[in-house]
Number of protein chains: 2
Amino acid sequence: MKSNHVTLKDIARILELSPSTVSRALKDHPDINEETKKLVKTFAEKVNYRPNALALSLRQQKTNTIGLIIPEIVHHFFSSVISGIEDIAYGEGYNVMICQSNENYQREVIDTQALIDHRVDGILVSVSKTTRDFKHLQNAYDNGIPMVFFDRIVEEIKTDRVITDDFLGAKIATSHLIEKGCKNILHLAAPQHLVIGSRRKEGYLKALEEHGIETDEELIVKCDTREYVFSLQQHLMKLIEEKHIDGIFAVNDSTAIATMQALQAEGIKIPEQIKVIGFGDGPNADIAYPPLSTVEQKGYETGREAMRLLLQRLENPGIEINFSTKVLTPTLKQRNST
Amino acid sequence: MKSNHVTLKDIARILELSPSTVSRALKDHPDINEETKKLVKTFAEKVNYRPNALALSLRQQKTNTIGLIIPEIVHHFFSSVISGIEDIAYGEGYNVMICQSNENYQREVIDTQALIDHRVDGILVSVSKTTRDFKHLQNAYDNGIPMVFFDRIVEEIKTDRVITDDFLGAKIATSHLIEKGCKNILHLAAPQHLVIGSRRKEGYLKALEEHGIETDEELIVKCDTREYVFSLQQHLMKLIEEKHIDGIFAVNDSTAIATMQALQAEGIKIPEQIKVIGFGDGPNADIAYPPLSTVEQKGYETGREAMRLLLQRLENPGIEINFSTKVLTPTLKQRNST
DNA sequence: AAATTTCCTGCAAACGTTTTCGATAAATTA
DNA sequence: TAATTTATCGAAAACGTTTGCAGGAAATTT
């Protein structure tokens with residue numbers, strides 16, 4: 001099980017040339033004789049020579065690799081983002097080093113350090129839910145590594161960003177419920193320290209305001225996972241009865257779907273008695289019963305835009321371009337739950 | 001935006017020591033004076049020194065990185081595999097370089113080459129559906145890079161493997177339908193050139209045989225995606241009517257769920273009129289209506305086992321250990337669709 | 001006092017590339 | 001013929017580490 005990698009030096013030795021000549025021959029340097037070039041090239045081809053990426057990176061002080069820190073790959077939104085990033089990156093000759101933080105702050109710190117250690121040319125990051133301290137990212141930034149935040153941004157660090165217009169999306173979703181006749185709308189919200197959490201809540205409130213509906217703080221419940229729904233089930237049912245809830249806007253699809261299941265278990269008809277809308281449109285929305293109305297969040301586009309912004313920095317090193325924030329607007333996708 | 005990475009040489013220059021001394025001091029080499037150690041260590045700490053992973057890898061001819069080639073991250077099974085791999089790998093100080101082939105042969109070839117170029121210490125791979133030629137993997141193997149196949153193995157290359165007992169799983173699923181009273185069971189199958197496709201079909205046939213049910217080749221339809229179901233919808237409905245189908249075993253969950261939706265659109269009651277069972281148990285099975293019975297495929301465990309087998313090779317270089325095949329047995333998860 | 005050992009540190013090579021600067025011989029020009 | 005240009009190649013440094021070896025000073029043993 002010996003390692004068989006043939007190096008440039010090997011070729012030089014065998015062909016009785018110097019490494020410099022072999023190197024130049026392989027990349028068509030004009031100084032090299034045509035015959036020598038042919039000789040070297042065919043030989044390299046024959047032995048399946050491939051330059052050592054490590055040596056190359058070390059020498060050129062450029063790895064052609066970008067780092068990605070992402071909360072959880074299992075979520076459809078994030079895996080779509082990955083595809084978007086890869087499609088752009090590969091096209092430009094970059095590799096992507098993916099790190100999964102698992103919504104864990106400690107892991108995120110380690111991952112960031114690993115990316116720095118590997119001297120990635122740039123970093124794309126969506127911070128974990130549990131991250132409150134940003135020194136690790138600030139450190140990468142101070143090291144001169146270009147960064148782009150997407151979806152879960154950190155406002156303290158000034159750099160390029162790609163976000164979806166959560167405020168608008170939430171407003172669209174809530175307005176849709178109102179237009180469908182809902183009067184008492186429950187909002188299942190994410191933690192307010194997350195930008196996503198607060199923005200979506202604000203959009204919800206704005207829609208109510210624009211339609212002249214009085215807001216009720218009790219109708220905003222912190223609940224953003226499937227498990228959370230079932231553990232709050234009794235509380236929610238009580239609330240629904242007392243407040244005559246006829247519409248629910250959940251901060252994400254899986255919460256919305258779990259909510260539908262909880263309601264149906266209690267014999268409530270959807271959408272006849274209560275209408276439900278989610279946020280994010282993964283493929284789950286199609287599979288749910290009834291198929292879930294939602295606002296579509298563009299994962300693939302998010303990835304592409306983030307990578308494009310990063311590329312712009314990488315291709316123009318030293319040049320100071322103003323940081324830009326790309327905002328993607330989600331669109332209503334009506335199905336049968338409203 | 002200058003790159004600020006401080007190197008070992010920098011420290012040596014500033015402290016007026018040689019790089020060798022600094023290097024040894026940092027790793028507690030007994031040859032170095034305690035005071036010098038302290039001096040170096042505190043200074044390194046202060047300037048946040050981190051060794052350059054590239055230089056390290058080049059020098060030691062070991063990257064502490066393993067490569068992963070995976071068909072599609074969006075599938076729950078595969079993203080679970082990733083988590084399993086990472087958990088073991090990180091614990092042992094390895095990084096994981098993830099490549100997504102997107103079920104595309106060309107991409108798989110490029111990815112394999114990229115991993116070789118980066119001199120990964122080992123490769124974990126589940127081949128794409130469209131791969132019929134294995135030269136790229138054989139090449140990596142010949143280069144002396146340890147490999148482990150999981151889930152979608154290639155039989156031509158002799159190495160360690162982790163698979164789920166597809167035969168048994170399919171037998172369990174089909175038997176379950178029979179025990180629930182089904183007599184005429186339709187099988188929606190994957191392409192037979194995939195091990196998964198043929199094994200599951202064989203398990204289906206075996207269950208029928210064991211229960212003394214006559215097999216009918218017409219009841220085996222090649223159909224393994226959601227889209228495929230809808231395009232075959234008319235053909236399937238005709239078949240179901242003619243053959244008095246009362247049970248369906250689909251080769252994976254998303255096909256099963258799409259089938260349920262197609263049936264329900266035609267007014268067929270599940271499980272009363274037709275019972276449906278899938279294979280693979282992603283979270284979709286819980287969300288579907290009705291919740292889908294399925295055989296649970298252990299993604300996380302698959303990842304852990306694959307990484308363990310690889311580690312065994314990496315930690316015992318040169319030592320010839322017989323290749324082993326780890327078989328994970330899926331278990332029945334009954335819900336409401338049967 | 002001489003010889004040996006111990007303690008600490010530095011030199012230099014190596015990992016696999018690229019690239020600057022010469023160097024040599026052949027070909028051209030004056 | 002002498003001077004200059006051109007064509008072709010190699011030596012060596014550099015990227016950031018590690019490590020075998022050598023070496024000097026101090027401490028110990030003969």
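Since the model is a prediction, treat every value here as computed from it, not as a measurement. Protein chains get the first letters and strands the later ones, always in sequence-line order, with residue 1 at the start of each.
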Could you list the donor-acceptor pairs under 3.5 angstrom formed by side chains in residues 84-92 of chain B, with sequence neighbours left out?
residue: B/E86; atom: OE1; partner: A/Q100; partner atom: NE2; Å: 3.1
residue: B/D87; atom: OD2; partner: B/Y300; partner atom: OH; Å: 2.6

For this session: Say whether B/Q113 and B/H136, considering side chains only, have a donor N or O and an acceptor N or O under 3.5 Å apart.
Result: no
Exercise. How about A/K37: does its NZ atom have over 12 heavy atoms from other parts shown lying under 6.0 Å from it?
Worked result: yes
For this session: Rounded off to whole Å, could you give me the CG-to-P distance for the A/L15 and D/dC9 pair?
Result: 11 Å
Problem set entry | Euclidean distance, atom CG of residue B/L56 to atom P of D/dC15 [Å, nearest integer] | 16 Å
Problem set entry | Between P of C/dT17 and CG of A/N64, the distance in whole Å | 16 Å
For this session: Round to a whole Å and report the spacing from CG of B/L8 to C1' of D/dG16.
Result: 8 Å
Problem set entry | Residues B/D28 and B/K41 bridged, charged N to O under 4.0 Å | yes
Do any N or O atoms of the protein come closer than 3.5 Å to N or O atoms of nucleotides 12-14 of chain D, and which pairs are they?
none

Exercise. Sequence neighbours excluded, which residues qualify as side chain to side chain contact (heavy atoms under 4.5 Å, CB included) partners of B/V154?
Worked result: B/V127, B/F134, B/L137, B/F149, B/E156, B/I157
Seminar exercise, completed: To the nearest angstrom, the CD-C1' distance between B/Q60 and D/dT19 comes to 10 Å
Problem set entry | Close approaches to DNA chain D from residues 44-54 of chain B, in residue order (heavy atom, under 4.0 Å) | B/Y49, B/R50, B/P51, B/N52
For this session: Scan for salt bridge (charged side-chain N to carboxylate O under 4.0 Å, His left out) pairs involving residues 71-80 of chain B, sequence neighbours excluded, and state none if there are none.
Result: none
Exercise. In terms of heavy-atom contacts, does CD of B/E45 have more than 12 from other residues, nucleotides or ligands at under 6.0 Å?
Worked result: no
Problem set entry | Phosphate contact (C/dG16 OP1 or OP2) by B/Q61 side-chain N/O below 4.0 Å | yes
Exercise. Going by heavy atoms closer than 4.0 Å, what residues in residues 21-38 of chain B are next to DNA chain C?
Worked result: B/T21, B/R24, B/D31, B/I32, B/N33, B/T36
